[in-house]
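Take a look at the structure below.
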Amino acid sequence: MKPVYIINGFLDSGKTDFFRYTIQQPYFRTKGKTLLIVCEEGENEYEEGLLRATNTVLEIIDNEEDFNPDKLVELDSKYNPERILVEYNGMWNYKNMTLPFMWKLEQQITVIDASSFELYFSNMKSLLAEQIRNSDLILFNRCDGIQDLATYKRNVKAINQKADIIFEDKDGEVDVTLDEDLPFDLNDDPIELNNYGYGMFNLDVLDHVDRYEGKNVKFKAMVLIPPEFPKDRFVPVRLAMTCCAEDMQPLGIPCVYDKVKELTEKEWVLVTARVEREFVAEIQGEGPVLKAISVEKTTAPKNAVIDFSNPEQ
């Protein structure tokens, strides 16, 4: 299986600069040829000298219909590369991408020009969401002078909770936390989470489990009982609108409860639980887990779906 590295982003977001930097690094200069497929040409280009020095061959695919397994297999046979880099066109729908069977997607990165994020998020949210949804890394560049980066992080986390998010200005990486945006008091016991608060808690606890460890939280949620879970575990979830009304995803953290058998799938419950840190099989690493103090049947909240664009929920 040949590794494929895909970089998404709209025109002039910095994709070419990212790959130009990457192929020059010693860790990337391994044996064999690199096939670089460029699906749109921006202001910056790949210099012939750089391509020769890094044993990289460049192919341009201008039309979305030409980016298909037959064409890609043809390029594979032509060059027999050890690895493939794809600079994907941000205006093409990522859902339509199909790779040859012998190519394995190793990493997907989305590069975003922070100065244009609000424009694209407001007017091309569905295309941007597809770029973000399956990415391992989201890189915001050109963050100079932008004050509301925490909101940008929140919007991206709502679409993809697992991705690493990096913000950079001309001086390097910018530290962005959600502390100032938290709509609840971390000193409350329990911390009561309304609709918006529940969404923010779920996004923040994944990155900062240390600030919640040992604290109690209280919230309304639906019961989800994955069949592969242990008998004493369920997931209290809320649906969050990430792109549009037709595009929602569940937000939830596994909860240990000794009376799961008394719960019914999709019923609403009022959960009071303690946040703890332990190994979570679903993410193959340490993460937050809820330990139920009480789980009571209740009615659905007035706003059952979380909308991150509406903090007044």
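What's counted below: heavy atoms across the whole structure, side chains too, no hydrogens, waters or symmetry copies.
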Keeping [X] on the side-chain end and [Y] on the backbone end, is there a donor-acceptor pair under 3.5 Å?
X	Y	result
Asn160	Arg133	yes
Asp169	Val174	no
Asn63	Asp66	no
Lys220	Thr299	yes
Asn55	Gly32	yes
Thr110	Gln131	yes
Lys215	Leu186	yes
Thr56	Thr54	yes

Value rounded to 0.5 Å, distance of [atom1] in [X] from [atom2] in [Y]:
X	Y	atom1	atom2	answer
Asn202	Met200	CG	CE	10.5 Å
Asp113	Asp12	CG	CG	8.5 Å
Arg154	Thr151	CZ	OG1	4.0 Å
Ser115	Ile146	OG	CD1	6.0 Å
Lys162	Lys157	NZ	NZ	11.0 Å
Glu48	Leu51	CD	CG	5.5 Å

I'd like to check [X] versus [Y] (side-chain heavy atoms, cut-off strictly below 4.5 Å). Are they in contact?
X	Y	answer
Leu72	Ile61	yes
Val235	Phe229	yes
Tyr196	Asn303	no
Pro288	Val209	yes
Val223	Thr264	no
Leu239	Ile306	no
Glu59	Leu36	no
Leu263	Tyr257	yes

Cluster question for you: counting only ILVMFWY and a side-chain heavy-atom cut-off of under 4.5 Å, with indirect links fine, are [X] and [Y] together?
X	Y	answer
Met222	Leu270	no
Phe101	Ile84	yes
Ile225	Leu251	yes
Tyr79	Leu50	no
Ile6	Ile109	no

Counterpart residues, side-chain hydrogen bond (donor to acceptor under 3.5 Å, both in side chains), relative to Glu262 (two or more places apart): none
Note: [X]-[Y] ion pair, threshold 4.0 Å (strictly below):
X	Y	answer
Lys15	Glu40	yes
Arg274	Glu276	yes
Glu267	Lys297	yes
Glu64	Lys95	no
Arg142	Glu168	no

Members sharing Leu119's hydrophobic cluster (side chains within less than 4.5 Å): none
Centroid separation Tyr120 to Phe10 less than 6.0 Å: yes
Ring centers of Phe67, Tyr88 separated by less than 6.0 Å: yes
Answer with yes or no whether the side chains of [Y] and [X] bring together a donor and an acceptor at under 3.5 Å.
X	Y	answer
Tyr46	Glu87	yes
Asp204	Tyr212	yes
Asn80	Lys2	yes

Stepwise side-chain contact (heavy atoms from CB on, under 4.5 Å) check, Leu99 with Met97: CA-CA 7 Å; Leu99 300 176; Met97 178 188 291; 4.1 Å; yes
Would you say [X] has more than 12 foreign heavy atoms packed within less than 6.0 Å of its [atom1]?
X	atom1	answer
Glu47	CD	yes
Glu213	CD	yes
Glu118	CD	no

side-chain contact (heavy atoms from CB on, under 4.5 Å) between Thr34 and Leu85, intermediate numbers included: CA-CA 7 Å; Thr34 298; Leu85 305 182; 3.9 Å; yes
Tell me the closest heavy-atom pair linking [X] and [Y], and the distance in Å.
X	Y	answer
Leu224	Pro226	O-CD, 3.3 Å
Leu137	Ala163	N-CB, 4.5 Å
Asn155	Phe121	CB-CZ, 3.7 Å
Gly14	Asn141	CA-ND2, 4.1 Å
Ala304	Arg238	O-NE, 3.4 Å
Pro236	Tyr198	O-OH, 2.8 Å

Reference residue Tyr94; test side chain to side chain contact (heavy atoms under 4.5 Å, CB included); the match among Asn8, Asn89, Ile132: Asn8
Candidate pair Glu278 and Arg233, rule salt bridge (charged side-chain N to carboxylate O under 4.0 Å, His left out), full reasoning: CA-CA 14 Å; Glu278 64 180 46; Arg233 247 172 226 231; 2.7 Å; yes
Parallel, tilted or perpendicular, as decided by the 30° and 60° cut-offs, for the rings of Phe117 and Phe140: perpendicular
Stepwise side-chain contact (heavy atoms from CB on, under 4.5 Å) check, Ser13 with Ile112: CA-CA 5 Å; Ser13 60; Ile112 299 174; 6.0 Å; no
Working for side-chain contact (heavy atoms from CB on, under 4.5 Å), residues Phe167 and Ile165: CA-CA 7 Å; Phe167 294 84; Ile165 303 176; 3.5 Å; yes
Partner of Ser135 by side-chain hydrogen bond (donor to acceptor under 3.5 Å, both in side chains), out of Glu130, Gln108, Gln107: Gln108
